[in-house]
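Written below as C-alpha cells is the structure these notes are about.
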Amino acid sequence: GVRAVRHISLDVGAGEYVGLIGPNGSGKSTFLNALCGIVAASGTLSVDGSPVRLGHPGASRRAGVLRVFQAPQTFTNLTCLENVLLATSDRSHAGLAGAWSARRRMWRREKERFAVAYAALDRVGLAATAELPASLLTYGQQRLLDLARAISAGPKLLLLDEPSAGLNDAETGELAAIIEGLGATGVTLILVDHKVDFVDRICPRIVAMELGEKIADAPSHEIWSDPRVADAYLGVDIDDA
C-alpha cells in the first residue's frame, strides 16, 4: 500500500545539473529507476520534446537516458575497455553478415567504437587501465569505470545514483571535477547523493524529496533554508532549532 514515488513533476533544461536529495526511503532511487524504465510507473516522460514509453528500459536507452547505479556494475572478467565497449549501441555492421558483406564499414565502425571507449576511459582517468581486467581495479576506480561506460553511450540525460558512496575525500573531489567537466559535452544531469557539499558543488539547482513526494525545488544556496527540507532531515521545525 506504500507508493515509493507519487505526484512528482520535474522539468530539467538541456545541459542543466539538478541535485536530488532527501532522507533514506524518500524515493530518490525509485524515481531514477522509473525514468530509466526498470520499474513500473504511470505518468509521462519526454526527452527533447519526444515522449518516452515508461517501464521499458530499451525505450529510455534509445531516448538517451543513461543510469549509473549505487553499486558498481562492472564485469570483472572483462577488461576495462571491454566493459566500456558494452555501452555502444550501434552494432549495425557487427556479426558474420557484416564481416562478409560490409567489412570496410564494419572495421571503420569498430575503430570509431574503440576510439569513443578509449576517450571515455581517458576522461575519467582510467586510460592506463584499458587492457587490465576490471577485477584489478579499486572500488573507487570501478565507480569511475561505470561512469566511463555511461559517458561512452552519449547520454542526453545522465542519472547518477550515489556516485560518491564509499569514496574518501580525495576520491570524491576527483569525481566532482570529472562530473563538472562533463558540462562541456552538453549532457543533462540528475544527481542523487547524501554528501551535501558534493551536491552543492556540482548542482546549481536542488530538488528535495520526502516520503515519495517533492517538497522543495530551489537554487542550491537557498534549499537548506527551506523549513520543509530542515524538517525532513532534522525532524524539527527550523524556527525551533
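One-based numbering along the sequence shown. Model, not experiment: these values are computed from the prediction.
Using a 4.5 Å heavy-atom threshold, the side chains of Arg201 and Glu180 count as touching. Residues Arg205 and Ser220 fail the side-chain proximity criterion, which asks for heavy atoms closer than 4.5 Å. Pro163 is listed as a side-chain neighbour of Leu175, based on a closest heavy-atom distance under 4.5 Å.
Residues that satisfy the side chain to side chain donor-acceptor pair (under 3.5 Å) test with Arg149, not counting sequence neighbours, are Asn83, Asp146. For Glu171, there are no side chain to side chain donor-acceptor pair (under 3.5 Å) partners, not counting sequence neighbours. In this structure Arg67 satisfies the salt bridge (Lys or Arg N to Asp or Glu O under 4.0 Å) test together with Asp161, sequence neighbours excluded. Residues meeting the side chain to side chain donor-acceptor pair (under 3.5 Å) test with Asp48, sequence neighbours left out: Lys156. For Glu174, there are no salt bridge (Lys or Arg N to Asp or Glu O under 4.0 Å) partners, not counting sequence neighbours. Glu82 pairs by the salt bridge (Lys or Arg N to Asp or Glu O under 4.0 Å) definition with nothing, not counting sequence neighbours. Remark: His194 pairs with Asn24, Glu162 by the side chain to side chain donor-acceptor pair (under 3.5 Å) rule, at least two apart or across chains. Listed by chain and number, the residues in a salt bridge (Lys or Arg N to Asp or Glu O under 4.0 Å) with Asp197 amount to none (sequence neighbours excluded). Under the side chain to side chain contact (heavy atoms under 4.5 Å, CB included) criterion, Asp122 pairs with Ala127, not counting sequence neighbours. Under the side chain to side chain contact (heavy atoms under 4.5 Å, CB included) criterion, Ala117 pairs with Leu81, Val84, Leu85, sequence neighbours left out.
Looking at Asp193 and Lys195, no side-chain N of the basic residue comes within less than 4.0 Å of a carboxylate O on the acidic one, giving no salt bridge.
Sorted by first and then second residue, the side chain to side chain donor-acceptor pair (under 3.5 Å) pairs with a member in residues 4-14 read Arg6-Glu213; sequence neighbours excluded.
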Item to complete: Take Ile206 and Tyr17, measure what side-chain contact (heavy atoms from CB on, under 4.5 Å) needs, and give me the verdict at the end.
Response: CA-CA 9 Å; Ile206 295 179; Tyr17 277 25; over 6 Å; no

Fill in: Leu137 vs Thr129, side-chain contact (heavy atoms from CB on, under 4.5 Å): CA-CA, chis, key distance, verdict
CA-CA 8 Å; Leu137 299 184; Thr129 71; 4.1 Å; yes

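Using a 4.5 Å cut-off between side-chain heavy atoms of Ile, Leu, Val, Met, Phe, Trp and Tyr, Leu32 falls into a hydrophobic cluster with Val5, Ile8, Leu10, Val12, Val18, Leu20, Phe31, Leu35, Leu45, Val47, Val52, Leu54, Val65, Leu157, Leu159, Ile190, Val192, Val207, Met209.
With hydrogens and angles left out, the side-chain atoms of Glu16 and Thr188 include no donor and acceptor closer than 3.5 Å.
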